[in-house]
Amino acid sequence: MRKRLMAILSCLMLISLLAGCGQENPQTPNSQPPEPNVSAVPGEPSQPQTVLKHSADATPEEIVASMTLEQKAAQMLQPAIYRATPAAMRKYGYGSILSQYQTMDMTAAGWKRTVRSYQEAALASPGGIPFIYGTDAVHGVNYCLDSVIFPHNIGIGAANDEELTYKMGLIVADELKHTGMLWNFAPCVAVATEPRWGRTYESYSSDPKLVSKLGVAYAKGLIDGGVLPCAKHFFADGNIGYGTGEGDFLVDRGDASLTQSEIDALLAVYKKLIDSGVKTIMISHSSVNGVKMHENAYYINDVLKGEMGFDGFVVSDWASIHNISVQGLKNQVITAINSGIDMLMEPDSYSECYKYIIEAVNEGLISQERIDDAVTRIIRVKMELGLFDDPMQERLETTYPAAGSDEARDIARQLVEKSLVLLKNDNSILPLKPGSKIFVIGPAMNDTGVQCGGWTIEWLGGTDSEKGTKYVHNATTILEGLQQIANKFNLTIITDQAQASEADLTILCVGERPYAEWYGDTADLSLTGSLGLTGNKEAIDLAKSLGKPTVTLIVAGRNLIIEEYFDDWDAVVMCYLPGSEADGVANVLTGKVPFTGTLPMPWYKSVEDIGTGNSRFDVGYGLKY
């Protein structure tokens, strides 16, 4: 086991000793700034260290026993790609690198070259430990231009299909392997109960059992596909109360006030994921009953690692230790690590954290045993993933020859079709009748960025209208899907308002603009509020003025308040955020595929009804043809 890596390391040791490890300047990704003051940080090695020799049969414990404190501290850190260069990786050997949108080559091949450049540096570092690249492939490999973008989790919850969700996991894993990014910060298993929360669309459902079922299905797909899932965010991230948000946020990162039975139901979701083989878990930004999870030693150490038997490693969320109750980054590092966090996601402050870990151990504020436990867990997971046997991914096998295959798009399209929820269908206006002339309007009808939402290419997502071209490569819009199927069903698709009077009915496409996290927190959930798409109101008013039967398609990350318009519409279809294969919408509207989707969360009449048990439509509601 791991003989190939040992041969690589033997060669690299000789090169490093002769040339001076860390003195080279390997090619770095475009637009990447230099390492921030890395040579000036106290406690970091100023001179090259001897590259460690690892026996081919060494256990994680034996490897950790041979490492210096500095090398262990580096393994516990995850800087961002836009800060830590391959040169810094060569010098310190960080445990992981965190992905983000880059202006570099974002094709699958471009990402693979980038990951390999960091891996070459990691193997040449004093510790010689392979690193792992982490990314938020929450609904497809969203930072890769070639990839398929699946519906967001709320749509997967509406589809409620374990087999397809498992296949989605397999495809995402396959496309991740094409990029070299083998650690996926997914599934998100938040149980969202507050629709005003900006991360609602990242939740499968407000029902913990449905979340557990689909979260496990996706995780198993990732595992069987050969990548490392990361369940998040431990725990109760979706149960936070309105008005409790961190800082100025309305909801995001707030406090969840829970009973023990409610806590037990949420913990059961994680137990199912652990039992399914999930080996990494990310901590929530939020609090449970007033205690920030990033310092909640009871739930991380005693419950997760103790009672639940989790033997993988725990990672913090983006710079989240900075927001716990203790003051000063050093105290925050100490508290977080002692609370059971094994790897710190520190995109910008990793150099300081490196220094503080070393100081804290030398001062007796973090035990050597705690450090050894954390690093042993990290190395064990890397071994199990195969990084020690094949660090350069030379023997990695993929199912499809490239990202964005037709087969992958077909699975995504099936999930789109199953995710659509028919809320209203007066006079059986749907399915669309052959021979119909249809006027299609609204800002969501022909925008790939709108239909994919946040966490697509960029953190907040974007729109075609802003970019001036398709935001998501090779995506198909709702309008394009209707146009493609029009001849088969003898439909005439009209988009020119001057010809609207000729139409038999109107398809009105409205929704929310893309957002992520606290940028999606809102007070009103209105289609025409601050998060509604520009043009929603004008399109709604135009549809009403035409006096034609109206089919409304809502493209949004949550169930919105639509009471003032509902009676004006003959049919209402909730599309959620369908992703890149929105032609699936046309397949259902025409009856080529039946409606099967059901609501994964309650649909409220007003914000005052949230959490009261009073709703217009309950979980599980959905009309059929």
- prompt: Does the pair Asp521 and Arg196 meet the rule for a salt bridge (Lys or Arg N to Asp or Glu O under 4.0 Å), with working shown?
  reply: CA-CA 6 Å; Asp521 285 357; Arg196 289 169 289 187; over 6 Å; no
Aromatic plane relationship, Tyr201 with His152 - under 30° parallel, 30 to 60° tilted, over 60° perpendicular: tilted
- request: Could you tell me whether the side chain of His139 and the main chain of Trp455 form a donor-acceptor pair under 3.5 Å?
  value: yes
message: Distance alone, cut at 3.5 Å: any donor-acceptor contact between the side chains of Ser205 and Asp207?
response: no
message: Exactly one of Tyr515, Trp518, Tyr143 should register a ring-ring contact (aromatic ring centres under 6.0 Å, His included) with Trp459. Which one does?
response: Trp518
- prompt: Does the pair Lys232/Asp136 count as a salt bridge with the N-to-O cut at 4.0 Å?
  reply: yes
- request: Give the ring-plane orientation class for Tyr565 versus Trp569, where under 30° counts as parallel, over 60° as perpendicular and anything between as tilted.
  value: parallel
Candidates Gln484, Gln414, Glu417 - the one meeting side chain to side chain donor-acceptor pair (under 3.5 Å) with Asn587: Glu417
statement: Rounding to 0.5 Å, atoms CG (Leu415) and NZ (Lys167) come to a distance of 10.0 Å
task: Identify the heavy atoms of Thr135 and Leu176 that sit nearest to each other, and give their distance.
output: CG2-CD2, 3.7 Å
task: Could you give me the CA-CA distance, side-chain angles and deciding distance for Asp224 and Tyr166, then say whether side-chain hydrogen bond (donor to acceptor under 3.5 Å, both in side chains) is met?
output: CA-CA 9 Å; Asp224 291 351; Tyr166 172 77; 2.7 Å; yes
- request: Look at atom NZ of Lys272 and say whether more than 12 heavy atoms of other residues, nucleotides or ligands are closer to it than 6.0 Å.
  value: no
- prompt: Has Lys209 got more than 12 heavy atoms of other residues, nucleotides or ligands less than 6.0 Å from its NZ?
  reply: no
- prompt: Looking at Glu194 and Arg558, does any basic side-chain N land under 4.0 Å from a carboxylate oxygen?
  reply: no
message: Just checking Asn427: does its CG atom have more than 12 heavy atoms from other residues, nucleotides or ligands closer to it than 6.0 angstrom?
response: no
task: Would you indicate whether the side-chain heavy atoms of Ile554 and Val572 approach each other to under 4.5 Å?
output: yes
message: Side chains of Thr463 and Glu466 only: does a donor on one sit below 3.5 Å from an acceptor on the other?
response: yes
query: Is there a donor-acceptor contact under 3.5 Å from the side chain of Asn153 to the main chain of Glu202?
result: yes
message: In terms of relative ring orientation, are Phe234 and Tyr270 parallel, tilted or perpendicular, with 30° and 60° separating the classes?
response: perpendicular
message: Would the distance check show the side chain of Asp447 and the main-chain N or O of Val450 forming a donor-acceptor pair, the cut-off being under 3.5 Å?
response: yes
query: Where do Val440 and Cys509 come nearest, in terms of heavy atoms and distance?
result: CG1-SG, 4.2 Å
- request: Could you tell me the separation between the CD1 atom of Ile507 and the CD1 atom of Ile441, rounded to the nearest 0.5 Å?
  value: 10.5 Å
message: To the nearest 0.5 Å, what is the distance between CG on Leu553 and CG on Leu420?
response: 8.5 Å
- request: Report yes or no: do Trp197 and Asp252 form a side-chain donor-acceptor pair below 3.5 Å?
  value: yes
- request: Determine the minimum heavy-atom distance between Thr596 and Lys624, stating which atoms define it.
  value: CA-CE, 3.9 Å
- prompt: Would you find a donor on one side and an acceptor on the other, under 3.5 Å apart, between the side chain of Asp464 and the backbone of Gly449?
  reply: yes
- prompt: Does the pair Asn446 and Thr477 meet the rule for a side-chain hydrogen bond (donor to acceptor under 3.5 Å, both in side chains), with working shown?
  reply: CA-CA 5 Å; Asn446 197 35; Thr477 66; 2.7 Å; yes
message: Under 4.0 Å between a side-chain nitrogen and a carboxylate oxygen: does that hold for Asp406 and Arg409?
response: no
- request: Taking the side chain as every heavy atom from C-beta outward, state whether Asp583 and Arg413 have any pair of such atoms under 4.5 Å apart.
  value: yes
field: Point-to-point distance, once rounded to the nearest 0.5 Å, from CD1 of Ile171 to OG1 of Thr399
entry: 9.0 Å
query: What is the ring orientation for Trp603 with Phe617, classed by angle as parallel under 30°, tilted 30 to 60°, or perpendicular over 60°?
result: perpendicular
- request: Could you tell me whether Lys418 and Asp161 make a salt bridge, using a distance below 4.0 angstrom between a side-chain N and a carboxylate O?
  value: yes
query: For the side chain of Asn474 and the backbone of Gly404, is there at least one donor-acceptor N/O pair under 3.5 Å apart?
result: no
Sole candidate of Val216, Leu214, Leu222 that passes side-chain contact (heavy atoms from CB on, under 4.5 Å) when paired with Tyr218: Leu222
query: With a 4.5 Å heavy-atom cut-off, do Trp183 and Val227 have their side chains touching?
result: no
- prompt: In terms of side-chain geometry, is the basic nitrogen of Asp504 or Lys437 positioned less than 4.0 Å from the acidic oxygen of its partner?
  reply: no
Residue pair Asn536 / Thr528, side-chain donor-acceptor N/O under 3.5 Å: no
Which atom of Val607 lies closest to which atom of Ala523, heavy atoms considered: CG1-O, 3.7 Å
statement: For Ile485 and Thr590 the tightest heavy-atom approach is CD1-OG1, 3.8 Å
field: Heavy-atom pair of closest approach, residues Leu560 and Glu512
entry: CD2-OE2, 3.7 Å
message: With a 3.5 Å distance limit and no angle check, can you tell me whether Lys433 reaches the backbone of Pro431 through a side-chain donor-acceptor pair?
response: yes
task: Say whether, by atom type as modelled, one donor and one acceptor occur between the side chain of Ser99 and the main chain of Gly134 under 3.5 angstrom.
output: no
statement: Given the options Leu182, Ile81, Thr179, Tyr133 meets side-chain contact (heavy atoms from CB on, under 4.5 Å) only with Ile81
message: For Thr398 and Asp174, which I'm curious about, is there any donor-acceptor pair between the side chains at under 3.5 Å?
response: no
field: Whether Lys544 side chain and Asp568 backbone form a donor-acceptor pair below 3.5 Å
entry: no
- request: Answer yes or no: is there an ion pair linking Glu517 with Arg199, defined by an N-O contact shorter than 4.0 Å?
  value: yes
query: Quick one: CE on Met345 to CG on Asp317, what's the gap to the nearest 0.5 Å?
result: 5.5 Å
- prompt: Taking 4.0 angstrom as the limit, do Lys177 and Glu397 come out as a salt bridge?
  reply: no
field: Flag side-chain contact, heavy atom, 4.5 Å: Val421 against Tyr576
entry: yes
- prompt: Does a sphere of radius 6.0 Å around NZ in Lys279 hold more than 12 heavy atoms from other residues, nucleotides or ligands, not counting ones at 6.0 Å or beyond?
  reply: yes
task: Spell out, as yes or no, whether a donor-acceptor pair under 3.5 Å connects the side chain of Ser147 to the backbone of Val141.
output: yes
- request: Would you check if His285 and Asp237 make a side-chain contact, meaning some heavy-atom pair closer than 4.5 Å?
  value: no
message: Any side-chain to backbone donor/acceptor pair from Glu458 onto Leu460? Under 3.5 Å, distance only.
response: no
- prompt: side-chain hydrogen bond (donor to acceptor under 3.5 Å, both in side chains) between Lys213 and Asn160: does it pass, once the steps are laid out?
  reply: CA-CA 9 Å; Lys213 179 177 74 171; Asn160 192 13; 2.7 Å; yes
- prompt: Honestly, is Arg616 close enough over Tyr621, meaning NZ or CZ under 6.0 Å from the six-membered ring centre and within 45° of the axis?
  reply: no
